[in-house]
There are 2 protein chains.
Amino acid sequence: MPMDARKFRILQAIIDDYILTAIPVGSRTISKKYEMGLSSATIRNEMSDLEELGYLDQPHVSAGRIPSAKAYRLYVDQLLQNGILQSGDASSVRDHFGSRARQMEDVISRAAQVLSGLTHYTSLVMSPKGKELHIRTIQLVPVSSQSALLVIVTDGGIMRDTVIRVGSDLDSDALYAISRMLTEKLSGHTVTEALSMLNVASAAHPHHPVLEGVTEFLDTVEGDATKTKLALGGTSNILNFPEYSDVEKAKGFLSVLETKDKLIHLLENHGEMAFTVRIGPETGIPELKDCSLVTATYRLSDNTHGTIGVIGPTRMQYGRVLSILNAMGQQLSEVLGQDKE
Amino acid sequence: MPMDARKFRILQAIIDDYILTAIPVGSRTISKKYEMGLSSATIRNEMSDLEELGYLDQPHVSAGRIPSAKAYRLYVDQLLQNGILQSGDASSVRDHFGSRARQMEDVISRAAQVLSGLTHYTSLVMSPKGKELHIRTIQLVPVSSQSALLVIVTDGGIMRDTVIRVGSDLDSDALYAISRMLTEKLSGHTVTEALSMLNVASAAHPHHPVLEGVTEFLDTVEGDATKTKLALGGTSNILNFPEYSDVEKAKGFLSVLETKDKLIHLLENHGEMAFTVRIGPETGIPELKDCSLVTATYRLSDNTHGTIGVIGPTRMQYGRVLSILNAMGQQLSEVLGQDKE
DNA sequence: TGTTAGCACTCATTCGACTCGAGTGCTAAC
DNA sequence: GTTAGCACTCGAGTCGAATGAGTGCTAACA
């Protein structure tokens with residue numbers, strides 16, 4: 001039994017209706033609300049076929065059908081292929097975002113707020129991965145006689161800082177000299193590259209406290225995924241959807257959001273696509289089996305990119321979400337890239 | 001009708017039982033489970049009196065009684081007066097916290113996690129208010145030809161940074177010189193004091209871009225409460241309690257947590273007490289009318305303090321929470337104060 | 001005078017029987 | 001291939017009786 005055009009049109013109508021109403025949709029609804037020119041009986045036969053093909057599920061025999069994950073997959077693939085992106089969202093993203101470019105962190109969390117506000121889903125905004133960032137300046141700022149603040153400015157305006165121990169024989173001017181030297185050597189390189197260069201240098205000057213401190217810090221930046229900044233928005237939005245009116249399910253969902261490591265891992269597996277859509281079980285997280293995750297990337301430069309995403313019920317308004325993510329991605333690239341020149 | 005010792009003992013038993021079980025407690029329960037040496041009928045008479053005094057409510061006539069906000073208030077005041085603080089919690093806080101003192105931000109969020117993990121409630125950890133912090137070092141780090149990163153190191157190891165525009169005629173060395181000068185002048189003063197000093201300086205050198213940038217930034221640090229860092233932990237813990245099995249109520253609660261401004265405002269009204277306990281309506285936030293907020297402070301120095309707190313249902317294990325907050329406050333003072341010398 | 005046993009009364013909760021209706025699957029006719 | 005008709009299914013909602021926890025009151029008791 002093949003999947004012809006009519007079946008597809010009916011499936012699409014079912015999905016559209018279910019996304020809107022969240023109640024299982026019956027054959028009569030389709031034949032009345034959507035101008036098919038077919039009677040409910042015919043729709044019924046087609047729906048039976050679609051169920052056999054695995055595109056529809058039936059909660060119980062006397063209810064309508066609901067789309068399966070496979071159906072959403074088909075639906076989304078179709079959407080992605082046609083590239084239907086409303087342009088109206090770009091301007092509304094712009095409006096809500098405001099133009100003030102502040103610190104990376106502020107931008108990230110603001111973006112998460114806007115994203116969840118516009119979509120009514122839960123949003124995720126992740127800064128670029130640490131190890132891909134290019135170093136621009138390294139500066140040691142004296143904090144006390146024994147320690148200094150290590151500030152690393154990277155492209156995108158992100159800065160990472162930590163306090164390291166230095167030898168007590170270094171005063172402000174000495175630190176400044178070291179800073180200049182380090183900046184000269186490492187500027188323009190990625191964190192990963194800088195790390196290998198430092199390892200060479202450490203071999204020449206063993207037990208140099210400053211070098212050790214810097215190396216150690218870069219090491220954690222590279223290795224530790226949790227160093228990536230992740231902002232969430234609209235975490236309680238999920239409760240607006242009837243599929244999460246069960247408190248137990250809601251708890252599971254919210255618990256996942258609390259352990260950011262899982263989320264970061266999820267967002268990192270992005271591949272080279274402009275968009276990634278993971279539907280239900282495709283997320284790989286049991287608690288999210290009734291959720292979909294849509295992600296997109298934004299670029300700061302050729303090699304550094306961050307990820308933004310939206311989590312909602314599988315019956316998500318994929319078209320709208322994709323369009324908004326697209327607009328937000330562009331906006332972020334613009335805002336974060338602008339103070340780069 | 002006075003409130004005698006026996007009434008108080010009975011009230012205490014009722015509160016203890018209700019905190020544990022969350023079900024209205026009847027006269028028979030009290031006379032059996034708690035060794036009162038009184039029959040249920042006597043208890044019943046006393047409970048009737050307690051209700052008349054406003055300490056007990058009755059959901060409906062054939063159910064037991066539940067403590068009113070007034071009852072919890074009495075209970076807590078008694079608790080605070082007796083200063084019952086189990087010492088066991090101090091060590092468990094220490095165990096969970098770990099000794100690694102990292103950046104302020106990490107410590108804050110770690111503390112929130114530990115706090116919610118130990119109490120099973122939602123925790124709040126707020127860094128000290130910006131304007132109370134003492135400046136230790138000011139450093140300008142070149143970022144591009146037009147802009148510089150302004151790093152301000154304060155006591156407690158907190159650092160605030162932002163990118164400011166500078167005149168294009170300033171190279172790295174010039175910025176360094178300015179940094180030294182600023183550090184020399186402002187070190188040891190609070191943000192508020194520094195601000196007034198800078199205003200004097202600005203009058204002498206009008207339109208100086210660096211001075212303007214620094215002033216503007218300190219201004220936002222002082223004025224903008226949202227600059228205060230606030231970490232939350234265990235936001236979904238509230239769903240474990242039967243009083244929040246209603247999704248609508250849970251949504252209201254979680255929505256409040258998302259707008260951090262309200263929370264910061266709540267935590268700031270702390271007064272000079274070691275602990276503050278706000279019960280139900282005392283929080284002043286309608287969505288939290290069935291919640292209690294317990295806060296405590298930790299100190300970095302004489303003038304700078306941060307706030308930690310726990311939010312849970314009004315039937316909270318106040319004794320335990322107070323004890324844990326006390327331990328955590330000490331721990332935080334220790335960890336954040338230690339790199340101060 | 002305080003305490004207790006006894007008893008009638010209240011009322012949320014539980015459970016089963018019942019109805020209602022949306023929706024299906026199947027068959028036969030078009 | 002499409003459609004009308006019809007029997008059938010089954011979740012959701014309603015109603016009412018039974019249940020039982022808990023109270024308030026009264027009268028007896030120490």
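Proteins come first, then strands; the chains are lettered A, B, ... in the order of their sequence lines, and each starts at number 1. Just so you know, these numbers come straight off a predicted model, no measurement behind them.
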**Q.** Atom-pair distance (CD1 on B:Ile30; C1' on C:dT4), nearest Å
**A.** 18 Å
Hey, can you pull the donor-acceptor pairs under 3.5 Å for the side chains in residues 287-295 of chain A, sequence neighbours left out?
unit_1, atom_1, unit_2, atom_2, d
A:Asp290, OD2, A:Lys249, NZ, 2.9
A:Ser292, OG, A:Tyr318, OH, 2.7
A:Thr295, OG1, A:His270, ND1, 3.1

Q. Side-chain contact, heavy-atom cut-off 4.5 Å: B:Leu254 with A:Leu254?
A. yes
Q.
Between P on C:dG23 and NZ on A:Lys33, what's the gap in Å once rounded to a whole number?
A. 11 Å
Q) Just checking, any donor-acceptor pair under 3.5 angstrom between side chains of B:Thr307 and B:Glu268? A) no
(Q) Partner lookup for C:dT27, please. Criteria are Watson-Crick or G-U wobble with both distances under 3.5 angstrom; report none if nothing qualifies. (A) D:dA4
Q: Would you grab the first and last nucleotide of DNA chain D (5' to 3') that comes under 4.0 Å of any non-hydrogen atom in chain B?
A: D:dA21 to D:dC25
Q.
Between B:Arg65 and B:Ser27 (side chain of the first, backbone of the second, donor and acceptor by atom type, cut-off under 3.5 Å), is there such a pair?
A. no
Q: Could you check which residues of residues 40-58 of chain B get a heavy atom under 4.0 Å from DNA chain C? Sort them by number, please.
A: B:Ala41, B:Thr42, B:Arg44, B:Asn45
Q: Supply the atom-to-atom distance A:His265 NE2 to A:Ile285 CD1, rounded to the nearest 0.5 angstrom.
A: 8.5 Å
Q) Roughly how far apart are B:Glu248 CD and A:Leu239 CG, rounded to 0.5 Å? A) 8.5 Å
Q) Got a second to check how far A:Thr119's OG1 is from A:Leu325's CG, nearest 0.5 Å? A) 8.0 Å
Q.
Can a side-chain donor-acceptor contact be found between B:Tyr34 and B:Asp16 if the only test is distance below 3.5 angstrom?
A. no
Q: Map A:Val61 and B:Arg28 onto DNA chain D by nearest heavy atom, then report which one ends up closer to the 5' terminus.
A: A:Val61
